[in-house]
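Note on naming: letters A, B, ... go to the chains in the order of the sequence lines (proteins, then strands), and numbering restarts at 1 for each one.
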Number of protein chains: 2
Amino acid sequence: MADNVIVLSVEKNMKGKATSFDIAHYAGVSQSTVSRALRNSPLVNEETRRRVHEIAKKLNYKVDKNASNLRTQQSSTLALLLFEDPTEDESQINPFFLSMLGSITRACAKEGYDLLVSFQSTSSDWHADYEDSHRADGLILLGYGDYIDYQSKLQTLLDNHTKFVCWGATVDNRPDLTVSCDNYGGGVLAAKHLIDMVRTDCAFIGDASDHSPEFFARFKGFRDTLKAKGIEVSDRKMANAISTEDSGYHATRSLIANNVKFNALFAASDLIAIGAIKALQEAGVRVPHDVHVVGFDNIAAAGYVSPSLTTVQQNTTLAGQMLVDNLLTLIRGEAVASTLLPPKLIIRQSSR
Amino acid sequence: MADNVIVLSVEKNMKGKATSFDIAHYAGVSQSTVSRALRNSPLVNEETRRRVHEIAKKLNYKVDKNASNLRTQQSSTLALLLFEDPTEDESQINPFFLSMLGSITRACAKEGYDLLVSFQSTSSDWHADYEDSHRADGLILLGYGDYIDYQSKLQTLLDNHTKFVCWGATVDNRPDLTVSCDNYGGGVLAAKHLIDMVRTDCAFIGDASDHSPEFFARFKGFRDTLKAKGIEVSDRKMANAISTEDSGYHATRSLIANNVKFNALFAASDLIAIGAIKALQEAGVRVPHDVHVVGFDNIAAAGYVSPSLTTVQQNTTLAGQMLVDNLLTLIRGEAVASTLLPPKLIIRQSSR
DNA sequence: CTGAAAGCGCTTACAG
DNA sequence: CTGAAAGCGCTTACAG
């Protein structure tokens with residue numbers, strides 16, 4: 001009771017926040033003991049522990065993270081670096097990444113880690129020293145723009161012994177640093193579906209090159225599956241695009257302008273597919289009647305567009321969880337296996 | 001040259017990261033001078049400054065944020081606390097908040113602040129001690145679930161002298177802590193538009209109560225504008241809903257089931273509107289022919305649905321910037337004015 | 001089980 | 001312009 005009164009009155013007089021010394025004073029123990037009690041060390045007497053916790057609560061005490069991080073040399077924080085394609089509209093973020101962000105945030109919370117979020121332009125000299133400056137114990141990298149440029153930056157991280165994991169992009173000789181969707185397998189699913197629908201005169205839109213390894217893998221799975229049926233995807237029926245609606249729209253328009261004929265279209269991403277559908281419809285081409293369209297990602301918009309979009313789903317919830325889990329394992333210095341997540345075909349109106 | 005060689009060979013031998021003492025050693029100056037030089041203090045000789053920076057770069061030195069934060073008692077970090085409606089699907093985050101997250105992240109980067117992101121369930125005992133533990137200098141609060149419950153939690157923040165700003169929700173006697181869209185004005189825009197379209201037999205879907213002050217304000221603006229024309233929005237034509245597609249769908253179905261007639265519908269959010277359109281279409285009601293629909297937010301999906309959705313846009317880019325600006329001003333101890341952002345009507349197919 | 005003490009890596013008065 | 005020193009608030013060997 002008396003304690004109560006003293007503590008409360010002092011609380012009001014305190015400038016700034018309470019420290020472990022304040023608690024030590026009111027509990028009548030040393031500051032070391034307070035620290036131990038607060039961390040629930042088994043070395044502390046149960047009754048002492050109880051009192052310390054009680055007083056801490058009364059004083060609204062919270063351990064100063066800067067001090068404890070400095071002392072323990074770790075931060076219990078991960079940093080998410082999001083690389084955006086520089087050509088993309090400033091205000092819009094790729095919805096697929098946004099979805100990943102959500103699952104990564106949840107996964108971090110679950111593991112008791114904080115998450116720092118940062119957008120990086122692909123051009124700048126990033127890797128942003130989050131780890132060097134002890135703000136984060138490790139990095140999660142999402143997106144990369146041009147993969148060739150990106151590779152050298154990853155090398156810098158490796159040289160600095162920075163702990164990190166990537167989504168999608170593989171790191172030379174370090175498959176353990178990547179969590180990825182089975183993009184090749186996703187391309188296979190798309191091709192099989194179109195074969196089932198007897199729509200094998202296929203176009204492909206997206207960057208099928210080493211600059212975009214994920215898109216390239218999707219294309220390869222698609223191409224190889226058709227080839228096994230004796231069907232070629234000719235160069236004429238391919239158009240380059242980055243993952244935006246606009247880019248997909250213009251790529252499709254160029255195919256149409258060149259009078260390229262096809263009865264199915266596989267887009268490397270949903271955003272591309274949505275732009276493609278728009279271009280097709282404007283040109284009087286009916287989807288799915290004249291052309292079946294299949295996308296990749298299963299972003300929310302895929303269910304909203306008209307016709308709704310058949311697509312290859314990536315499991316973002318699992319992806320976020322795996323990225324965080326693998327990174328934490330790496331931080332602990334343990335070995336991690338390469339992680340390939342299974343894609344899933346979602347059939348909607350655009351291909352039936 | 002010789003310096004160069006020494007530094008590089010030492011770098012390889014160093015365990016862990018370089019500190020300012022290492023730099024001091026190689027630069028032949030005191031650690032204090034290194035610290036000053038790195039912070040570009042005018043007290044330091046230009047040549048000394050140059051050398052220190054050069055060596056720091058060579059050693060890949062980065063100031064330890066935990067140490068500098070501890071010393072200066074500030075973190076250059078803001079925390080974004082996102083409250084999600086507990087009834088919402090676990091995996092999906094309200095796209096409007098996601099959009100805000102993007103703009104807040106950019107605004108923070110612009111001001112040289114890091115951003116910690118955290119999802120909070122509305123039920124839990126949040127406010128999450130980010131500021132108490134010195135992890136962040138201030139908080140940005142997004143979303144709140146039930147506003148009545150939320151209020152008492154805000155009071156705790158005020159009692160602790162925590163620096164924070166809210167999106168949407170007002171804090172008693174502290175209008176400066178809120179950045180908000182002019183929700184009332186948005187409701188007025190929606191009503192005026194429907195009056196222009198001669199669709200004044202209006203239904204409203206959303207929680208028009210003190211539990212959801214933003215929805216309530218939208219409704220009031222809508223109702224008052226119609227009332228000025230002598231038109232009532234009867235209770236029969238109102239249905240409660242939280243901001244999800246599912247909730248909007250079921251609310252609309254209940255209106256239909258009760259045989260309520262209307263030729264226009266104002267939904268408190270786009271997600272609700274999208275659910276409403278689905279319910280109407282399933283019931284054979286044509287949009288916009290039989291019923292005009294207007295939403296609120298202008299999320300990306302509003303442009304994708306069929307028919308595309310007329311809506312009241314909230315400027316998320318500006319909103320994020322204002323939240324960050326106001327919070328930083330508050331942290332500096334300066335006064336901030338209440339900030340009300342102008343909404344904008346976006347007319348699409350669902351109402352013409 | 002507890003306390004005195006060292007030290008994490010900085011920043012910044014203070015004294016030249 | 002520079003250096004020696006204090007101190008931010010913790011955690012954790014070390015010695016009882």
Run the side-chain contact (heavy atoms from CB on, under 4.5 Å) test against [X] and tell me which residues pass, sequence neighbours left out.
X	value
Thr33(B)	Val29(B), Ser30(B), Arg36(B), Val44(B), Thr48(B)
Arg39(A)	Ser35(A)
Asn326(B)	Val165(B), Val179(B), Met322(B), Val336(B), Thr339(B)
Thr105(B)	Val117(A), Phe119(A), Leu101(B), Leu115(B)

Mind jotting down which residue pairs meet the side chain to side chain donor-acceptor pair (under 3.5 Å) criterion with at least one end in residues 67-83 of chain A? Sequence neighbours excluded, please.
Ser75(A)-Asp137(A)

Close side-chain approach of Trp167(A) to Leu141(A), heavy-atom, < 4.5 Å:
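Sidechains of Leu141(A) and Trp167(A): no contact.
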
Outermost DNA chain D nucleotides near chain B [under 4.0 Å, heavy atoms]
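Terminal contacting nucleotides, 5' to 3': dC1(D) to dG9(D).
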
Strand-adjacent residues in residues 66-79 of chain A, judged by heavy atoms under 4.0 Å from DNA chain C:
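The stretch gives Leu70(A), Arg71(A), Gln73(A) as the residues lying under 4.0 Å from the strand, ordered by number.
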
Which residue lies more 5' along DNA chain D, comparing Thr33(A) with Arg36(B) via nearest heavy atoms
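The residue closer to the strand's 5' end, by nearest nucleotide, is Arg36(B).
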
Residue closer to the 5' end of DNA chain D, His134(B) versus Val44(B) (nearest nucleotide):
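So the residue in question is Val44(B).
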
Got a sec, which residues hit ring pair (Phe, Tyr, Trp, His ring centres under 6.0 Å) with Tyr147(B), two or more places apart in sequence or on another chain?
Tyr144(B)

Going by the rule salt bridge (charged side-chain N to carboxylate O under 4.0 Å, His left out), which residues pair with [X] if we only count those two or more places apart in sequence or in a different chain?
X	value
Arg49(A)	Glu46(A)
Asp64(A)	none
Arg50(A)	Glu47(A), Glu54(A)

Mind checking if Ser20(B) touches a base, just sugar-phosphate, or nothing, with heavy atoms under 4.0 Å?
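It contacts sugar-phosphate atoms only.
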
When Leu43(A) and Gln31(A) are each assigned the nearest nucleotide of DNA chain C, the 5'-most assignment goes to Leu43(A)

Ranges pairing with ranges for DNA chain D, where each run has three or more Watson-Crick or G-U pairs under 3.5 Å
C:1-3 with D:14-16, C:5-12 with D:5-12, C:14-16 with D:1-3

